[in-house]
There are 2 protein chains.
Amino acid sequence: MLKHNHDECIENALTAAQEICAARDTRFTPLRRRVLELVWVKHEPITAYEILDLLSEGQKRVAPPTVYRALDFLIEEGFVHRIESLNSFVGCSDPAHKHQGHFLICTKCSNVTEMNEQSLHDVIKAAAKANGYSYENSILEIAGICENCRN
Amino acid sequence: MLKHNHDECIENALTAAQEICAARDTRFTPLRRRVLELVWVKHEPITAYEILDLLSEGQKRVAPPTVYRALDFLIEEGFVHRIESLNSFVGCSDPAHKHQGHFLICTKCSNVTEMNEQSLHDVIKAAAKANGYSYENSILEIAGICENCRN
DNA sequence: TAGTGTCTTGATATTTTATAACTTTAAGGG
DNA sequence: CCCTTAAAGTTATAAAATATCAAGACACTA
């Protein structure tokens with residue numbers, strides 16, 4: 001599949017994270033920055049161990065907790081989402097507003113599209129309520145074929 | 001939390017599975033039956049290794065592939081759903097109609113409620129289409145507190 | 001600027017979850 | 001009964017995640 005030049009969106013994501021952390025007084029350390037960068041560089045769901053391998057290139061090999069802790073932070077801050085069905089991670093397309101991610105996953109090219117649709121959230125919350133549950137959070141992962149791959 | 005007597009629903013699930021397999025000409029072997037029974041006996045999300053431990057009681061320890069293969073079959077037939085966010089498995093409440101499960105998960109008592117609501121499916125399919133994706137399947141897992149636990 | 005508490009990262013080991021590959025057993029069709 | 005194929009057993013290993021303790025960095029303050 002065609003790859004566009006991601007430099008700009010990577011840069012945007014890093015800058016946004018930096019600013020949000022400054023505003024929240026949380027620490028956007030070099031390690032966390034580097035992990036977020038790797039997530040965006042791949043620009044497809046990336047596993048913790050892929051990140052680990054990339055982080056380790058040209059230096060002493062880092063250990064799994066290093067990666068998982070950085071990911072925990074990035075998820076907590078809302079910069080990264082975990083894709084449960086793939087045991088993988090993707091950059092959040094709207095880090096300014098903390099939210100749970102709802103995703104479309106192309107089974108052909110592996111690309112992931114995040115849906116930031118309030119109406120979908122509303123329907124899901126309503127479904128919880130209709131069944132007597134309070135709502136805390138939700139994951140929605142839809143598998144299908146993206147427009148590109150169908151053409 | 002209050003536990004009702006599950007004997008009846010376990011029996012129902014096993015009978016239904018037996019009949020469906022007969023109709024489809026697939027093999028509901030003793031092992032598969034036993035694994036499905038264990039899933040229903042717990043009646044909360046159960047992990048593969050919990051099943052493994054239960055299966056192994058009072059006999060030679062079984063190996064992981066035994067359990068995973070049985071689960072693969074049961075999922076394929078639609079008798080069991082996998083809860084991605086918990087790496088666990090639950091019995092399907094409507095095995096007669098193959099479908100993807102949409103779940104409410106109580107974060108307090110761990111009980112899971114399966115939603116069999118066509119309208120929810122429709123909304124999810126529409127969301128895929130609206131974003132240019134064909135629809136293959138989806139997982140929806142909502143975390144919250146169930147009615148029982150809130151009282 | 002030395003002291004103190006806290007947050008972050010490093011390091012080691014282990015646990016949990018899942019699959020690959022090959023062998024043996026059992027079921028069902030001619 | 002023989003043959004084929006599906007299922008289950010066996011051994012080994014891969015993949016994903018976490019527990020625990022130690023060391024370093026930072027930031028406040030006295």
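The analysis underlying the following values was restricted to heavy atoms, covering all of them including side chains, and did not include hydrogens, waters or symmetry mates. Below, chains carry the letters A, B, ... as their sequence lines are ordered, and counting in each starts from 1.
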Nucleotide nearest [X] when distance is taken to its side chain, options [options]:
| X | options | result |
| --- | --- | --- |
| Asn87(B) | dT17(C), dT10(D), dA16(D) | dT17(C) |
| Arg27(A) | dC7(C), dA18(C), dT11(D) | dC7(C) |
| Thr29(A) | dA11(C), dT8(C), dA18(C) | dT8(C) |

To the nearest angstrom, how far is [X] atom [atom1] from [N] atom [atom2]?
| X | N | atom1 | atom2 | answer |
| --- | --- | --- | --- | --- |
| Arg34(A) | dT9(C) | CZ | C1' | 17 Å |
| Leu52(B) | dT10(D) | CG | P | 13 Å |
| Glu84(B) | dT17(C) | CD | P | 13 Å |
| Tyr49(A) | dT19(C) | OH | C1' | 16 Å |
| Gln59(A) | dG10(C) | CD | C1' | 12 Å |
| Phe28(A) | dT8(C) | CZ | C1' | 15 Å |
| Leu86(A) | dT17(C) | CG | P | 19 Å |
| Ile51(A) | dA15(D) | CD1 | P | 16 Å |

Inset, instruction - Under 4.0 Å between any heavy atoms, over every strand shown, what does Arg32(B) touch: base, sugar-phosphate, or nothing? Just pick one. - result: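 Counting heavy atoms under 4.0 Å across all strands, the contact made by Arg32(B) is with sugar-phosphate only.
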Inset, instruction - Give one of base, sugar-phosphate or nothing for Arg82(B), where a contact means two heavy atoms less than 4.0 Å apart. - result: sugar-phosphate
Legend entry - Result of checking His102(A), Gln100(A), His121(A) against Ser138(A) for side-chain hydrogen bond (donor to acceptor under 3.5 Å, both in side chains): His102(A)
Legend entry - Phosphate contact (dA8(D) OP1 or OP2) by Thr66(B) side-chain N/O below 4.0 Å: no
Inset, instruction - Verify the contact: side-chain N or O of Thr47(B) to OP1 or OP2 of dT16(C), cut-off strictly under 4.0 Å; return yes or no. - result: no
Inset, instruction - Find which nucleotide of DNA chain C each of Pro64(B) and Phe73(A) is nearest to by heavy atoms, and output the residue with the more 5' nucleotide. - result: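 Closer to the 5' end of DNA chain C: Phe73(A).
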Legend entry - Lys60(A) or Asp72(B), whichever maps to the more 5' nucleotide of DNA chain C: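 Closest to the 5' end, via its nearest nucleotide, is Lys60(A).
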Inset, instruction - Indicate whether any N or O donor in one side chain lies under 3.5 Å from an N or O acceptor in the other, for Asp122(B) and Gln118(B). - result: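 Distance-only check passes for Asp122(B) and Gln118(B).
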Inset, instruction - For Ala48(A) and for Pro65(B), find the nucleotide of DNA chain D with the closest heavy atom, then tell me which residue's nucleotide is more 5'. - result: Pro65(B)
Inset, instruction - Would you mind telling me which residue lines up with the more 5' stretch of DNA chain D, Tyr68(A) or Thr26(B), judged by nearest nucleotide? - result: Thr26(B)
Inset, instruction - Would you please indicate yes or no on a ring centroid separation below 6.0 angstrom for His81(B) and Phe103(B)? - result: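 That pair passes the under 6.0 Å test.
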Legend entry - Exam field: side chain Glu141(B) to backbone Ser85(B), donor-acceptor pair closer than 3.5 Å: yes
Legend entry - Heavy-atom donor-acceptor pair, His43(B) side chain to Val41(B) backbone, under 3.5 Å: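 No, the answer is negative, given that no donor and acceptor are paired below the 3.5 Å cut-off.
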Inset, instruction - Assess whether one donor atom and one acceptor atom, taken from the side chain of Arg69(A) and the base of dG10(C), lie less than 3.5 Å apart. - result: yes
